[in-house]
Amino acid sequence: MKDDNGVRRLAGTREPANIPFPPFDTRVLDFLDALSQAIRMLPREEAGEELRALGFWLRRTHLLDLKERYAGGSSPEPENRLGLGLSFHIAPANVPLMFAYSLAIGLMAGNCCLVRVSGRRTKEGERLCSLLDHLLSEDGFACMRERISIVSYDRENMDTTQAFSQKCDVRIVWGGDETVRSVRNAVLKPSAAEVVFPDRTAISVLGAEAVAALGEEELRQLAAYFYNDTYGMDQNACSCPKAVFWQEADTEAGKRASERFWNAVAAASERYALSEIKVSQKYSALWELMSSGAKVKRVQRWKNRLYVVESEDIPGEALGSWMQFGSFLEYHMKSGEEWTEAVSEKTQTLTFFGVDGAALRETVLSRGLRGIFRIVPVGQALWMDVVWDGKDLIRLLSRSVS
Amino acid sequence: MTYEDLLEQEPYGVLSDEKERMLGELLNRLTERHRDCCPAYDAACGLLGDRKGSRLCEIPLLPVSLFKKTELCSIPEEEIFKRLTSSGTTGQQTSRIVLDRRTAEWQQRTLERIVGSFIGGKRLPMLIIDSPGVLHDRNLFSARGAGILGFSMFGTRRRYALTEEMEPDLDAVGEWLEAAAGEPVLVFGFTYMIWKHFYQALLQSGKRLPLENGILIHGGGWKKLQNESVSAERFKEGLREVCGITRVHDYYGMAEQTGCIYMECECGHLHASSYSELLIRDMEDFSCCETGKEGVVQVLTPMAWSYPGHSILTEDKGVILGIDDCPCGRKGKYFKLTGRIPKAEVRGCSDTYEG
């Protein structure tokens with residue numbers, strides 16, 4: 001049911017308060033852990049992979065790990081920090097549970113959270129909202145009632161975005177360039193901060209020797225991880241790799257590793273929900289790429305489940321825009337560092353296997369690359385963290401009291 | 001054999017096996033030609049893998065959306081006779097099709113052969129269910145205007161049935177019909193326009209038009225009418241009620257293969273003519289679907305000489321109903337369309353704000 005302003009409450013209060021807590025406050029962690037338990041108690045058929053992953057992410061031990069990261073060393077103690085007050089989150093429509101991660105991070109940083117989610121209703125999203133409401137009705141969590149507000153309204157309803165933007169102390173905008181541009185028309189109050197997540201892309205660096213040396217079971221596992229990183233989000237999220245760079249001692253080794261790897265990915269992709277529209281778009285994009293004049297050496301297809309385009313030139317971000325729904329560029333490196341030339345300020349994530357992650361990070365730092373915000377092993381591309389896109393969200397959503 | 005020779009064949013007189021042989025030869029030669037003359041097409045075909053074979057299902061499938069993204073051309077610049085554009089679905093980019101004189105002429109003759117077999121060899125007085133403004137408005141011209149111009153060659157004494165305001169001009173149409181004096185007339189228009197601005201307006205006015213001797217040919221798709229829950233049966237029934245017309249033929253066609261249309265027969269089936277073929281593809285692996293199995297429509301015609309559009313994978317879904325044995329007597333494949341490929345939600349984080 002929408003109110004007079006065209007806003008529908010999905011969970012929590014319609015009028016969130018503005019009361020800062022210290023980051024990682026026990027009351028917040030207790031609540032999130034209770035939510036984690038509630039999710040994990042759901043019968044399998046009610047909790048899909050994504051909801052279970054959220055439940056896992058919110059479990060107390062993980063939250064305490066996060067807290068620990070801010071406790072030691074040179075960083076100011078969380079006790080000396082407070083949330084900014086009210087955080088306004090604009091969550092992506094097509095990553096159904098992203099709003100929950102954004103909410104959890106906002107709460108952990110010590111804020112009251114107002115979260116706008118898409119009107120597209122998903123079963124998991126609705127399940128989660130009803131769990132939230134159920135927990136908030138418990139006496140033990142009365143202190144959280146004024147801190148959570150999940151609402152939905154039309155994107156055309158700029159008046160509401162404007163009103164929320166005037167009210168909040170920080171605005172968090174997830175999603176593409178266009179969304180960021182559009183939301184920026186709503187003016188924030190002068191003291192408010194903003195954190196935005198524009199369009200990004202990702203690449204992979206794989207070590208040919210290591211892939212070639214894998215046993216069958218290990219290979220299957222690697223392919224499953226790679227599958228989750230990419231097909232899991234239709235290869236369409238910021239951190240889903242579009243291009244694979246092979247680090248290899250010689251051409252033969254590279255060829256063998258590539259063949260093994262893609263065959264295993266093709267097998268893993270059998271579980272992908274491949275719809276006609278996805279094939280139509282993916283096949284059209286392949287033709288566009290092939291007829292674009294780009295230097296393509298070879299195209300391999302495993303039915304319409306997996307396309308692999310071997311590029312003769314270092315595949316930059318322009319080519320990447322064609323890769324979706326299980327379509328990959330690959331490039332065999334000569335020096336082992338050509339991947340750096342594919343990096344732009346839009347390159348967010350680098351996943352790796354069989355190469356030294358620390359050395360990759362060193363390369364990014366020493367060369368002063370414009371892009372690459374995180375370097376993670378294959379399988380962790382979509383793992384959410386409180387540091388995202390190079391931004392420490394706990395810090396950005398709280399203030400220090402020195 | 002050339003396409004000219006193919007056009008000599010009866011539009012619905014060739015058995016499927018024989019047609020496969022004739023088209024196979026022509027289409028394979030055409031693939032070679034386009035590869036020789038269109039570098040972008042050649043690059044793509046080369047990368048897809050050289051599958052030398054004479055079977056229709058082995059000819060490279062070009063996705064229809066490619067014509068929206070890039071201009072594909074197999075003729076030298078100086079032979080370009082005109083560029084055809086199509087609006088496609090509302091709000092999308094337009095397709096650009098490059099024609100030389102030969103292809104443009106073939107398009108016209110193909111349409112003539114196909115439609116002629118439904119309305120007879122001679123031109124008929126023609127009533128166009130649209131507004132004359134459609135030819136002047138550059139935005140509308142592309143799809144509707146081109147259809148009207150294409151069919152106009154079958155008509156004499158052409159009369160637009162709608163005013164500039166898209167209201168039926170009943171007096172003028174009445175007079176025009178009197179002059180036809182009970183002779184057969186051709187009625188042409190776009191499915192949705194006919195329903196919205198002709199049928200519904202007539203129904204509301206309570207007047208009838210005596211079109212018992214009319215042959216209605218309409219196209220342009222059912223999407224909008226499906227949204228209003230109007231079935232093909234309801235469409236025919238409604239028109240019979242307001243103007244007594246009983247001979248109603250839907251057709252399926254696209255700007256990327258203009259002229260090579262698929263007409264609906266008296267049994268309500270769409271038919272492939274001798275000049276083109278239709279295959280249904282399973283999107284899992286592009287294997288060909290047997291009769292009765294739904295999939296995505298591929299259209300093939302050797303008519304596409306000036307641009308590599310002789311084998312196109314569309315975004316429409318359909319199912320083959322039978323081959324060579326339609327009760328209407330026409331040979332070749334007959335089929336029905338089952339809608340567009342459904343849009344599905346795509347994941348990812350690029351359009352956050354939507355919905």
Side-chain angles (χ1 to χ4, degrees), chain A residues 90-96 98 116 118-120 122 152 154-155 161 173-180 182-183 197 199-200 232-240 273-281 283-293 296-299 301 303-305 309 324-325, chain B residues 34-35 38-51 60-73 93 280-287 294-298 308 312-318 338-355:
Chain A
I90 292 178
N94 36 13
V95 189
M98 192 60 216
R116 187 270 179 189
S118 151
R120 286 192 212 161
T122 67
S152 152
D154 294 341
R155 62 192 294 178
T161 299
V173 188
W174 295 94
D177 291 358
E178 215 165 296
T179 301
V180 171
S182 151
V183 171
F197 298 95
D199 287 343
R200 300 281 194 222
M233 275 295 155
D234 289 331
Q235 205 189 352
N236 213 22
C238 312
S239 49
C240 298
L274 187 71
S275 63
E276 287 170 332
I277 190 80
K278 289 177 192 173
V279 174
S280 178
Q281 290 183 15
Y283 187 65
S284 295
L286 180 68
W287 266 83
E288 265 186 73
L289 172 60
M290 293 187 303
S291 58
S292 69
V296 175
K297 192 166 176 183
R298 183 163 74 137
V299 172
R301 289 181 293 161
K303 299 192 289 184
N304 280 324
R305 295 202 159 258
V309 176
Q324 272 187 319
F325 314 115
Chain B
H34 291 313
R35 288 196 64 169
C38 179
Y41 180 77
D42 182 51
C45 287
L47 288 167
L48 280 181
D50 228 348
R51 285 174 300 170
L61 279 164
L62 186 132
V64 68
S65 67
L66 201 64
F67 292 107
K68 296 194 172 83
K69 304 290 167 71
T70 175
E71 187 174 278
L72 296 164
C73 180
Q93 286 171 290
I280 303 294
R281 297 286 187 164
D282 181 336
M283 293 298 258
E284 169 71 22
D285 53 6
F286 288 150
S287 57
E294 191 186 19
V296 174
V297 172
Q298 174 194 2
I312 293 175
L313 183 66
T314 72
E315 290 162 1
D316 299 309
K317 296 189 67 178
T338 52
R340 306 266 300 168
I341 295 177
K343 292 252 182 300
E345 278 180 21
V346 168
R347 294 169 155 241
C349 36
S350 51
D351 69 338
T352 306
Y353 208 28
E354 197 177 288

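Quick note on labels: first sequence line is chain A, next is B, and so on, each numbered from 1.
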**Report entry** Side chain proximity check, A/Glu288 to B/Thr70, heavy atoms < 4.5 angstrom
**Finding:**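 Of all side-chain heavy-atom pairs linking B/Thr70 with A/Glu288, none is under 4.5 Å.
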Drop me the distance from [X]'s [atom1] to [Y]'s [atom2], to the nearest 0.5 angstrom.
X        : Y        : atom1 : atom2 : value
B/Lys68  : A/Ser284 : NZ    : OG    : 9.0 Å
A/Ser280 : B/Arg340 : OG    : CZ    : 8.5 Å
B/Glu315 : A/Gln281 : CD    : CD    : 8.5 Å
A/Met290 : B/Asp42  : CE    : CG    : 11.5 Å

**Report entry** Exam field: side chain A/Trp287 to backbone B/Leu61, donor-acceptor pair closer than 3.5 Å
**Finding:** yes
Query - Least distance between heavy atoms, B/Pro342 atom then A/Ile277 atom - result: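 So the two residues come closest at O-CB, 3.4 Å.
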Query raised in the report: Counting heavy-atom pairs under 4.5 Å to chain A, which of B/Leu72, B/Ile341, B/Asp285, B/Leu47 comes out on top?
Result: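 The candidate making the most pairs under 4.5 Å is B/Leu47.
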Report task. Return the option, out of B/Met283, B/Lys69, B/Lys317, with the maximum number of heavy-atom pairs under 4.5 Å with chain A. Result ->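 It is B/Met283.
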Query raised in the report: With a 4.5 angstrom heavy-atom cut-off, which part of A/Leu289 approaches chain B: side chain, backbone, both or neither?
Result: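 Contact with chain B: none, neither part.
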Query raised in the report: A/Val279 and B/Glu284: side-chain contact (heavy atoms from CB on, under 4.5 Å), yes or no, with the steps?
Result: CA-CA 8 Å; A/Val279 174; B/Glu284 169 71 22; over 6 Å; no
